[in-house]
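Below is one structure, written out as structure tokens; comments come after it.
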Amino acid sequence: MSIEPEFRQDPVCGRWAIIAPERSHRPKTLEGAEPRHRREGERKPCPFCPGQEYDTPDEVLAYRPFDSSPNGPGWQLRVVPNKFPAVRPDLVTLSSTADSTADTTTDKNMFLASPGLGRAEVLIECPEHLPDPTHLSDSQFSAVFSAYRDRLIALADEVQLAYASVFKNVGAEAGASLGHTHSQIIATPIVPGIIESELAGSAAHFSRTNRCIFCDIAHREMTDRDRLIAQSENFLVLSAFAPRFEREFWLLPKRHVSRYEAISSAECLELARLMKRVLSSLDIIMDKPAYNWSLHTAPLRSTEMPHYHWHIEVMPRISRPAGLEWGFGCYIIAVSPEQSAREFREHLS
Ligand SMILES: [Zn+2]
Ligand SMILES: [Zn+2]
Ligand SMILES: [Zn+2]
């Protein structure tokens, strides 16, 4: 049986899945960690620590002094292909499977599948074996946001890729398999469903009002302040109005911009400082919960869109989705977003 990854689309609602058998071989050193809270999982030696570069594929980006050698120690940040990838760059797309003129009554066309083409990368955020992103220095945290930008720009050169999903898992409950702080990038020929639906929803709002819905949200939340958690000169942190997880918050630029790639280095540092403050507050309120964050930005190579606005969604994982959430897509939240914003503000440093 083939172990090549494959995209499959649900024939009823169009939801995509990636079938990726190689993922079952990845190390899971955080397994068994206490639910709800983070723990420093250890695997000695850690494949992300300096001196272990041979244990990862060759770097595609590194911030390192000019006199240090690629794939050796001395780096501040490295991006390497995922050793256990969900998608692979060496596969050929079969665009014929999506032929709209084809007979859709046959099984072949009902069950859309194509090879799992793409790039899966790991962004190792610092050389120190730190499990917690709030322990990064401001400049290290800022480098993470710069590296997101640099990889999005580089991946846009690959015309077969349509979207790069940038995300981070912190803690075993959030899906992290190694304790050394890192982010992930999965770039694919498909645009993920959540981004498609945000693009469609924001385009519908724009056609009604000639305004960006995210700019409208930012303006309203800065005026009302009920769900405003923190702000800096150029960024805003909000408690999500209709969250999926307790204390879910969003971080977005005040100025309209659809493509994250447009962020400046100075803005990366500003974003890092703001994110660290809010994450530190979250750690106090929820006693270091596991969490995920994901960057939602316009598709690769898109021109500036008047209706879409990049943002980062942070989802603490203190409760597990259950029947209503999985079965019906409706989320039950015990702490109101307004109460959550108040508590965040109280614990901001
Ligand atoms: Zn490490
Ligand atoms: Zn906007
Ligand atoms: Zn979003």
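Small disclaimer: the values here were computed from a predicted structure and weren't measured. Both counts, for ligands and for their atoms, begin at 1 and track the order of listing.
At the Zn ion (ligand 2), the vertex angle linking ND1 of His256 with SG of Cys212 is 110° (nearest 10 degrees). Seen from the Zn ion (ligand 1), atom SG on Cys46 and atom ND1 on His129 lie at an angle near 100° (rounded to 10 degrees). The angle that His180 ND1 and Cys49 SG make at the Zn ion (ligand 1), rounded to 10°, works out to 110°.
Between the side chains of Arg78 and Thr56, at least one donor-acceptor pair of N or O atoms lies under 3.5 Å.
The N, O or S atom of Glu313 with the smallest distance to the Zn ion (ligand 3) is OE2. Distances from the Zn ion (ligand 2) to each N, O or S atom of His309 single out ND1 as the nearest. Among heteroatoms of the N, O or S kind in His296, ND1 lies nearest the Zn ion (ligand 3). Of all the N, O or S atoms in Glu198, the one closest to the Zn ion (ligand 3) is OE2.
Of the candidates Arg273, Lys254, Arg255, Arg149, Arg255 is the only one forming a salt bridge (Lys or Arg N to Asp or Glu O under 4.0 Å) with Glu267.
Within a 6.0 Å radius of CZ in Phe241, no more than 12 heavy atoms belonging to other residues, nucleotides or ligands are found. Crowding of Arg15 atom CZ: a count of heavy atoms from other residues, nucleotides or ligands under 6.0 Å not exceeding 12.
Aromatic ring centres of Tyr308 and Phe206 lie farther apart than the 6.0 Å criterion allows.
Taking backbone and side chain together, Cys215 holds an N, O or S atom under 2.8 Å from the Zn ion (ligand 2).
The backbone N or O of Cys126 sits less than 3.5 Å from a side-chain atom of His180, completing a donor-acceptor pair.
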